[in-house]
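Below, chains carry the letters A, B, ... as their sequence lines are ordered, and counting in each starts from 1.
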Protein chains: 2
Amino acid sequence: MTPKARSAQSVVSAIQPDAETRVTNDHHQSLRLWLRLLACTNRIETRIRQRLLANFDTTLPRFDLMAQLERAGDGLKMGELSQRLMVTGGNVTGITDMLEKDGLVVRETDATDRRAFRVKLTAAGLRQFRRMAAAHEQWIVMLFKGLTTKQKEQLVRLLGELKSYIGSQPDS
Amino acid sequence: MTPKARSAQSVVSAIQPDAETRVTNDHHQSLRLWLRLLACTNRIETRIRQRLLANFDTTLPRFDLMAQLERAGDGLKMGELSQRLMVTGGNVTGITDMLEKDGLVVRETDATDRRAFRVKLTAAGLRQFRRMAAAHEQWIVMLFKGLTTKQKEQLVRLLGELKSYIGSQPDS
DNA sequence: TATTGTTATACTCTATAACTATA
DNA sequence: TATAGTTATAGAGTATAACAATA
């Protein structure tokens, strides 16, 4: 399957103070913060992927697609899934094909638009998703147990600011 | 090429308070924190990938491999690269092949072990890496400009605690 | 014409396992 | 025998572009 992991420490080498190109403290700090953010996320994500694979023989994209469906309640069109998963249409077709083959989702024809489908979780799909989501939640809780409630609050707040600032920046 | 992005909001649906399986506040908080962490990292990573591709026609794994070499100074053996990049040997061979074909790295035979190579950056590779690293640093600084120095400090500290806690946990 | 979704193709990255050459 | 690295194979996920059916 497709595990993932990235080094994340290496780029620190980019910091090479120089008479001309002076690397300020701010540069250092931002780079350091980014590497740390990446390291944390990658470590956690890697474990989640491993466990999803080992315990449920599935992947993060599949899990995410099912999560969108469970959340939506009445199914989603392929295009809606594409938007929400931030992935192109062809991918959604592929992932949906696999889930459908496994009996976890179905494509139902949309009454109002014969070009479109509503993709829905089957009963089995919903059951499995609930099991996965519960396990997932436990894993997360365990992984963050090293932080106090207060620390988690701080992180949520700071990351919230970061997220909205990045969201406000131009895309490229 | 291979951009990446993940939804990261969807799993929130897993939170469904229930008479039997009571979802505590801590569960909510940890999950929320994780989703936010993932969202921030993915947004930043996606932009870095896009820009690396658009400006230098390269990818994160290639950049990371070059970063390891620049950092190491005197080259690294394939196996060392494999360890540091946390990737299996076959991958390192493939990425190294591409970089070598582009004239950015060379394999030099190791004097003391004729089975092994020392992979090194060429002069062109070093030049290009320096250019990429400088740009990369600028991108990061811009992306984090929304936070004050103090906020960045806090984040670095909190993420440091998270990282070391996760590192101390069993691998699976 | 525009939109929805599929299909076809291609590429990167990843893994595992068999293999070669050297220790 | 064990180790360093390569090759072969396989699979997921991603993208783009051409295409079919329907609006």
With sequence neighbours left out, what residues match Gln138(A) under side-chain contact (heavy atoms from CB on, under 4.5 Å)? His27(B)
Answer with base, sugar-phosphate or nothing: what part of the nucleic acid does Asp113(B) contact at a heavy-atom distance below 4.0 Å? sugar-phosphate
note: Asn42(B), atom CG; dT14(D), atom C1'; distance rounded to Å ~ 14 Å
Separation of Met86(B) atom CE from dC13(C) atom P, in whole Å? 16 Å
Applying side-chain contact (heavy atoms from CB on, under 4.5 Å), can you list everything that pairs with Phe56(B), at least two apart in sequence or on another chain? Leu52(B), Thr58(B), Gln128(B), Arg131(B), Met132(B), Ala135(B), Trp139(B)
How many Å lie between CG on Leu53(A) and P on dG11(D), as a whole number? 14 Å
What's the closest nucleotide to the side chain of Met78(B) if the choices are dC13(C), dG5(D), dT14(D)? dG5(D)
Can you name the residues that form a side-chain contact (heavy atoms from CB on, under 4.5 Å) with Thr93(B), not counting sequence neighbours? Met78(B), Asp97(B), Arg107(B)
Aromatic ring centroids of Tyr165(B) and Phe144(A) under 6.0 Å? no
Return the set of residues passing salt bridge (Lys or Arg N to Asp or Glu O under 4.0 Å) with Asp113(A) (not counting sequence neighbours), or none when no residue passes. Arg115(A)
From dT4(C), dT14(C), dC13(C), nucleotide with atom closest to Asn91(B) side chain: dT14(C)
Under 4.0 Å between a side-chain N or O of Thr59(B) and OP1 or OP2 of dC13(C)? yes
Look at the side chain of Thr122(A) and the backbone N and O of Leu104(A), then say whether any donor-acceptor pair between them is shorter than 3.5 Å. yes
Minimum-distance nucleotide (side-chain atoms of Arg62(A) versus dG5(C), dA23(C), dG13(D)): dG13(D)
According to salt bridge (Lys or Arg N to Asp or Glu O under 4.0 Å), who are the partners of Lys77(A), at least two apart in sequence or on a separate chain? none
Listed by chain and number, what are the side-chain contact (heavy atoms from CB on, under 4.5 Å) partners of Thr148(B), not counting sequence neighbours? Lys150(B), Gln151(B)
Contacts to DNA chain C from residues 93-109 of chain A, heavy-atom cutoff under 4.0 Å, which residues? Thr93(A), Arg107(A)
Rounded to whole Å, please give me the gap between CG in Asp64(A) and P in dA12(D). 17 Å
Give me the distances for all protein-to-nucleotides 19-21 of chain C N/O pairs that come in under 3.5 Å?
none

Nucleotide dG5(D), atom P - distance to CG of Leu65(B) in whole Å: 13 Å
Measure from the side-chain heavy atoms of Thr88(B) and tell me the nearest of dA23(C), dG5(D), dA15(C). dA15(C)
Residue set satisfying salt bridge (Lys or Arg N to Asp or Glu O under 4.0 Å) with Glu108(B), at least two apart, ordered chain then number -> Lys120(B)
For Asp110(A) and dT4(C), what is the distance between atoms CG and C1' respectively, to the nearest whole Å? 11 Å
Taken to the nearest whole Å, CG/Leu76(A) to P/dT4(C) is 14 Å
Rounded to the nearest angstrom, tell me the gap between atom NZ in Lys77(B) and atom C1' in dT6(D). 16 Å
